[in-house]
Amino acid sequence: MEQAFHAEFADTGILKIVFDTPNSRVNIFNETTGSQLNQLIEELKADPSIKAAFLMSGKGENFIAGADISGIQGISSPEDAYDKSRLGQQLFEKWRELRFPTLAAINGACVGGGLEWALAFSYRMATRNKITRLGLPEVKLGIIPGWGGTVRLPRLIGMKNSLKLILTGQLIDAEKAYKQCLIDEIVSPAVLEQSALTFLKTILRDGDRTILQRRRKNPARNGFLEKTRLGRSQVRKRAEKDVLKKSQGRYPAPLEALKSASFALDNNLHDALIFEAKKFADLAATTTCKNLIRVYQLTDFVKQGNATDGDIDSVNKIGIVGAGTMGTAIAEQAAKHGHVVRLRDESEAAVLRAFQQISHHLQQRVEKGRISKREAEDCIDQVSFTLDYSGFAKVDLAIETVPEEPILKSEILRKLDKCAQPNAILATNTQSLSVSELAAATGRPAQVVGFHFLNPFLKMPLVEIVRGKETSSETISVVYQLAKRWGRFPIIVEDRPGFLLNRLLSVYWREALEMMATGVPIENIEDAMQDFGMGIRLLELLDRIGFQTAEQIMSTVAASLGDRFPASSVLNTLLESGRERGFYPAKNGRKGAGSQRKIYKTLGVKPRRKVVDEEIQDRLIYAMINEAAYCLEEGIVQAPEAIDVAAVFGLGFPPFRGGLLHFADDRGADRIINRLRYFTNAFGEHFSPAPLLSDLATQKSTFYEYWIKSSRLKEDASPQE
Ligand code: NAD
């Protein structure tokens, strides 16, 4: 079997070990690498000539990515989880007990099980490199670090700092890790190996007093709050309050991690490790954990999509027309990723506002220590502003993001077509207009594509990439990869009204508004959905977007779906009476405080009808599932995963439920159909189950099973070469 570990002497008595998982992009721990490490430790123990050893990665940009996710996914019971946790802990304990000093020389991501191993080394050094990130992201998968992470990290860097990492899953760079004494030295990537060697030679010659002293003097480990049981219990209580507020009791992992880390500081190492393994075992086989892993895998689905066609490096210069909310955010994002950006608006005030906003955001990032002053200056220098089309001849990608008016958008695209070089891609940022129709204004429809970015841009990572009738696969591929590079979650959607996201949102809004119009209070609806776990209050979102825009989105969707989607008159009634917002009181002002009352008055209802949470949840979620079934059948997206990505990252669908269609599969088509029939009787024919959902119920199948089967059928039917 191919070996993952390769060892050779780099100098007399100093062994260099390289971790290089065969046939894998990154280094991971699985059964094979685990048992090979065990074997390596035995060999190291038996070799008296070794005086010290250091570990490097053979993967260039990745140190160790942690445990193999499918191994965690495959955990079948708490007993199985406990055994796996103990096995890893014992392996790393064996490593820690080696009789010579060891050093982890880290370049690239060192996360999860990777950092847990690094914590069992005598010393750690890491590179001053953007890609070097350290952390324990296990809580994001619904588990706690189970290989000693919650035990060793608090002992090394103190309770407060370790909780920041363990409870949020946040990753930190080498500078921060050095400040917190998580690493003992920080070096340039070019000299990592040489520095590791020098480091160990110094230790062998002079001992490690200076290093241990630095760790001991670490202010984060001293003081009343860290040193005393009473102080630590105060830190714990505060963290517990924070965790409960954030997780609303839905995500148990951070709370268990907190217990384990606290226990570790008050007990001996052996007991602390056992305690950690028990806490890990309580979580690893739960549905919440499996669902969170699924959501993690959804991000992999995004990463793997459309990786082949199209040359992403062909996009350097980007031109943007419309320096409003979206244009400014897109410009900032593009500049942050090194693009040269030309931002145009017809209004001088808009251009000035855009410049001020980008500068302000960069300044905030400098103040928070996320980027240096120099990086901020370089970033703003990447953006130039204009009131005309000068500079647009040289752009590789031009994005129009002017208001949602078809004539205006067509006109801008026509101008861009005239002035941009022939290879340039033209994109329209729209939430409801037909990309194919807009593309007709240009002479290059194959190079025209739609973006549907969301607002607030930074908080909402989803972006729909809209394929017009003539958009080429190369164009799609280039913008898809670009979106990924910008840290977005792109999904490709067909050019049908509402695309995917606004179709799902429209049915949700429709039902919520209709409930409101019968006297169900807004808070009753929103609280029920919060209780279901929704991360976004979607009526508040409607309020933020404004009734006018929401009405435009919903009526576009309604018109295209015909009788199947009866339009709601609620927003029109409100708009006709002059209300453009008001479900929620305006922030920091009295002006809006009374407007909710006025909304009910305009609708002629008294907000007193209490509906049980389950009815509200089923009505809104099942309406979306039904619409998603239509979307899948119509081929709006190419796979059920795309719908789950959209629901989680675009609509705030609770990650612990694994995605909209995964949740539907869990509930079962039968149960959903029964409930839809009940809603059909109560509220109308538009609740009739989609044909695909009925098929699933008849065949006792699920969305995901159906999808795999029908993809296989399509493959079998396609002509062989
Ligand atoms: P906005 O009103 O904030 O900005 C539009 C900008 O375009 C303004 O600065 C305006 O001066 C400029 N403009 C108008 N005509 C122009 C012209 N002929 N030449 C140059 N500039 C011109 O709008 P926004 O919210 O940024 O929306 C832009 C697009 O993004 C719309 O299509 C909208 O539907 C879509 N969108 C917006 C949101 C959102 O919540 N803001 C969300 C998703 C999609």
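Read the numbers this way: they start at 1 and go in the same order the structure lists the ligands and their atoms. Note that the coordinates shown come from a computational prediction; the quantities given were computed from them, not determined experimentally.
- Residue M326 places at least one N or O, backbone or side chain, under 3.5 Å from an N or O of ligand 1.
- The protein does not reach atom 23 (O) of ligand 1 closely, with no heavy atom under 4.0 angstrom from it.
- Closest protein heavy atom to atom 9 (O) of ligand 1: D345 OD2, 2.6 Å.
- Between F679 and Y622, the ring centre distance reaches or exceeds 6.0 Å.
- When only interatomic distances are considered, the shortest N/O to N/O separation between N455 and ligand 1 falls below 3.5 Å.
- Looking only at protein heavy atoms, the nearest one to atom 4 (O) of ligand 1 is G324 CA, 3.2 Å.
- Put simply, the side chain of T549 never gets that close to the backbone of G546: no donor and acceptor are under 3.5 Å apart.
- Inspection of the Q363 and E367 side chains reveals an N or O donor paired with an N or O acceptor under 3.5 Å.
- Looking at V321 against ligand 1, only its side chain comes within 4.0 Å, counting heavy atoms.
- The backbone N or O of S472 lies less than 3.5 Å from no partner atom in the side chain of R467, so there is not a single donor-acceptor pair.
- When non-hydrogen atoms are compared, ligand 1 lies under 4.0 Å from the side chain of K409 (C-beta onward) but not from its backbone.
- Ranking protein heavy atoms by distance to atom 14 (C) of ligand 1, first place goes to P403 CD, 3.6 Å.
- Between L454 and the choices L651, L541, L501, the side-chain contact (heavy atoms from CB on, under 4.5 Å) rule is met once, by L501.
- Residue S347 places no N or O, backbone or side chain, under 3.5 Å from any N or O of ligand 1.
- F453 does not carry R488 over the face of its six-membered ring by the limits of under 6.0 Å from the centre and within 45° of the normal.
- Taking the ring centre of Y630 as origin, the terminal cationic atom of R564 falls inside the region bounded by 6.0 Å and 45° from the ring axis.
- Judged by distance alone, with hydrogens and angles left aside, the side-chain atoms of R365 form no donor-acceptor pair with the main-chain N or O of H360 at under 3.5 Å.
- No donor-acceptor pair under 3.5 Å is formed between the side chain of Q617 and the backbone N or O of I621.
- Proximity to A350 (heavy-atom distance under 4.0 Å) selects the following atoms of ligand 1: 9 (O).
- When hydrogens are left out, the protein atom nearest atom 19 (N) of ligand 1 is R344 NH1, 2.9 Å; that is the closest non-hydrogen contact.
- When only interatomic distances are considered, the shortest N/O to N/O separation between N429 and ligand 1 falls below 3.5 Å.
- Distance from atom 15 (N) of ligand 1 to its nearest protein heavy atom, with residue and atom name: E346 OE2, 3.5 Å.
- Contacts between I412 and ligand 1, counted as non-hydrogen atom pairs separated by less than 4.0 Å, involve the side chain only.
- Summary of contacts: the protein heavy atom closest to atom 43 (C) of ligand 1 is F453 O, 3.1 Å.
- Y389 carries R344 over the face of its six-membered ring, with the cationic atom under 6.0 Å from the centre and within 45° of the normal.
- Closest protein heavy atom to atom 34 (O) of ligand 1: E404 OE1, 2.7 Å.
- With hydrogens left out, the protein atom closest to atom 28 (C) of ligand 1 is T401 O, 3.1 Å, a heavy atom.
- In this pair, Y704 and H662 present their aromatic rings perpendicular. The plane angle is above 60°, beyond the 30 to 60° band.
- The aromatic rings of F547 and F583 lie tilted to each other, with the angle between the two planes from 30° to 60°.
- With a 4.0 Å cut-off on non-hydrogen atoms, L408 touches ligand 1 through its side chain and not its backbone.
- Ligand 1 has a nitrogen or oxygen under 3.5 angstrom from a nitrogen or oxygen of V402.
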